[in-house]
Undergrad: 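Please read through the structure below; I'll follow up with questions.
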Amino acid sequence: AAVAAALFLSLGPEKARSGAADSSLSALWALGMATGLAFLAATPGYRGDLSAYLFGSLLFVSPADVAQMAALDAALLVVVPLFWRGLLSVSFEPRLSALRGARARLHETVLSLCVALAVAMLARAVGVVLVVALLALPALAARSFARFLPGRMVAAGGVAFASCAAGLWASWRLDCPPSAPIVFAAAAFAAPSLFRIGRRA
């Protein structure tokens with residue numbers, strides 16, 4: 001479902017992508033979730049708690065999950081530098097990129113697939129809520145540490161790591177699941193950027 005949504009957003013007709021993207025994406029998401037629930041219900045002997053898919057836990061990530069995430073990280077470290085200029089152009093000025101003759105559709109597809117695969121893999125490991133938080137809050141916090149995109153990417157990774165470390169420490173001290181403390185820590189890092197955005201508004 002994640003790959004289908006990514007391909008729709010990057011390869012779908014321009015009118016559909018601009019006019020009905022939200023509703024089409026919601027339909028794809030709902031269909032993917034329904035298909036996943038149907039497969040889970042049909043699995044012999046499965047009695048898992050579906051709330052784990054929403055909230056997850058870093059404490060139960062298996063070595064196989066870690067290996068798969070490491071493989072995806074290695075692939076991203078190859079793909080991102082290889083398509084760097086194109087990814088940068090479609091992220092900020094997709095129409096200008098297309099007017100200049102760049103292969104905007106190809107770069108949009110590469111970017112969408114990278115994000116979709118990362119989200120799908122992380123959602124299985126740590127839950128949808130924590131994935132959304134770790135996508136948005138560290139990127140927002142990185143605005144306080146760097147002006148340019150490469151520096152912000154490094155800073156966002158550092159903030160995500162620090163948030164997870166602080167959340168795990170708080171979870172151990174308070175004897176609670178780690179997801180909520182991790183989100184609180186990431187929100188604390190992002191607070192200065194949110195404050196500045198609020199003042200500009």
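Side chains included, hydrogens not; waters and symmetry mates left out as well; all remaining heavy atoms used. All of these numbers come straight from a predicted model, not from anything done at the bench. All residue numbers refer to positions in the sequence shown, counting from 1.
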Undergrad: Quick check on the hydrophobic clustering: are Leu72 and Leu130 connected, directly or via other members, by side-chain heavy-atom contacts under 4.5 Å?
TA: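 Both belong to a single hydrophobic cluster.
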Undergrad: Check the pair Trp84 / Leu149 against side chain to side chain contact (heavy atoms under 4.5 Å, CB included), numbers first and verdict last.
TA: CA-CA 11 Å; Trp84 174 253; Leu149 185 58; 3.8 Å; yes
Undergrad: Distance from Leu111 atom CG to Phe83 atom CZ, nearest 0.5 Å?
TA: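 Result: 11.5 Å between the selected atoms.
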Undergrad: Taking all atoms of both residues into account, what is the closest heavy-atom pair of Gly151 and Ala146, and its distance?
TA: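 Distance-wise, the nearest heavy atoms are C-CB, 3.5 Å.
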Undergrad: Heavy atoms only: give me the nearest Ala141-Val159 pair and the separation to one decimal.
TA: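 Scanning both residues, the minimum pair turns out to be CB-CG1, 4.0 Å.
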Undergrad: Side chains of Val110 and Cys114, heavy atoms from C-beta outward: is any pair under 4.5 Å?
TA: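 When only atoms from C-beta onward are counted, Cys114 and Val110 do touch, with a gap below 4.5 Å.
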Undergrad: For a 4.5 angstrom cut-off between non-hydrogen side-chain atoms, does Phe189 reach Pro138?
TA: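 Phe189 vs Pro138: side chains apart.
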Undergrad: Please report the shortest heavy-atom distance between Val183 and Ala133, naming the atom on each side.
TA: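 Taking every non-hydrogen atom into account, CG2-CB, 3.8 Å.
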Undergrad: Can you tell me how far the CD atom of Gln68 sits from the OG atom of Ser62, to the nearest 0.5 Å?
TA: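 That separation rounds to 7.5 Å.
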Undergrad: Please report the shortest heavy-atom distance between Ala187 and Leu137, naming the atom on each side.
TA: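 Ala187 and Leu137 have their closest heavy atoms at N-CD1, 3.7 Å.
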Undergrad: Does a side-chain heavy-atom distance below 4.5 Å link Met121 with Asp65?
TA: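 In short, these two side chains do not touch, never coming nearer than 4.5 Å.
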Undergrad: Keeping Arg143 on the side-chain end and Ser193 on the backbone end, is there a donor-acceptor pair under 3.5 Å?
TA: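 Side chain of Arg143 to backbone of Ser193, a donor-acceptor pair under 3.5 Å: no, none is there.
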Undergrad: Hey, does Phe145 have a side-chain heavy atom less than 4.5 Å from the side chain of Val154?
TA: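 SC-SC contact between Val154 and Phe145 ruled out.
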Undergrad: How far does CZ of Arg173 sit from CG of Leu168, to the nearest 0.5 angstrom?
TA: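 It comes to 14.5 Å.
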Undergrad: Are the side chain of Ser163 and the backbone N or O of Ile182 linked by a donor-acceptor pair below 3.5 Å?
TA: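 Here the side-chain-to-backbone pair does not exist.
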Undergrad: Leu76 and Phe161: same hydrophobic cluster, using ILVMFWY side-chain contacts below 4.5 Å?
TA: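 Shared cluster, no.
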Undergrad: Do Leu174 and Trp169 make a side-chain contact, defined as non-hydrogen atoms from C-beta onward lying under 4.5 Å apart?
TA: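 Side-chain contact under 4.5 Å: no.
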Undergrad: For Leu134 and Cys164, what are the C-alpha separation, side-chain angles and deciding distance, and is it a side chain to side chain contact (heavy atoms under 4.5 Å, CB included)?
TA: CA-CA 9 Å; Leu134 291 179; Cys164 290; 4.1 Å; yes
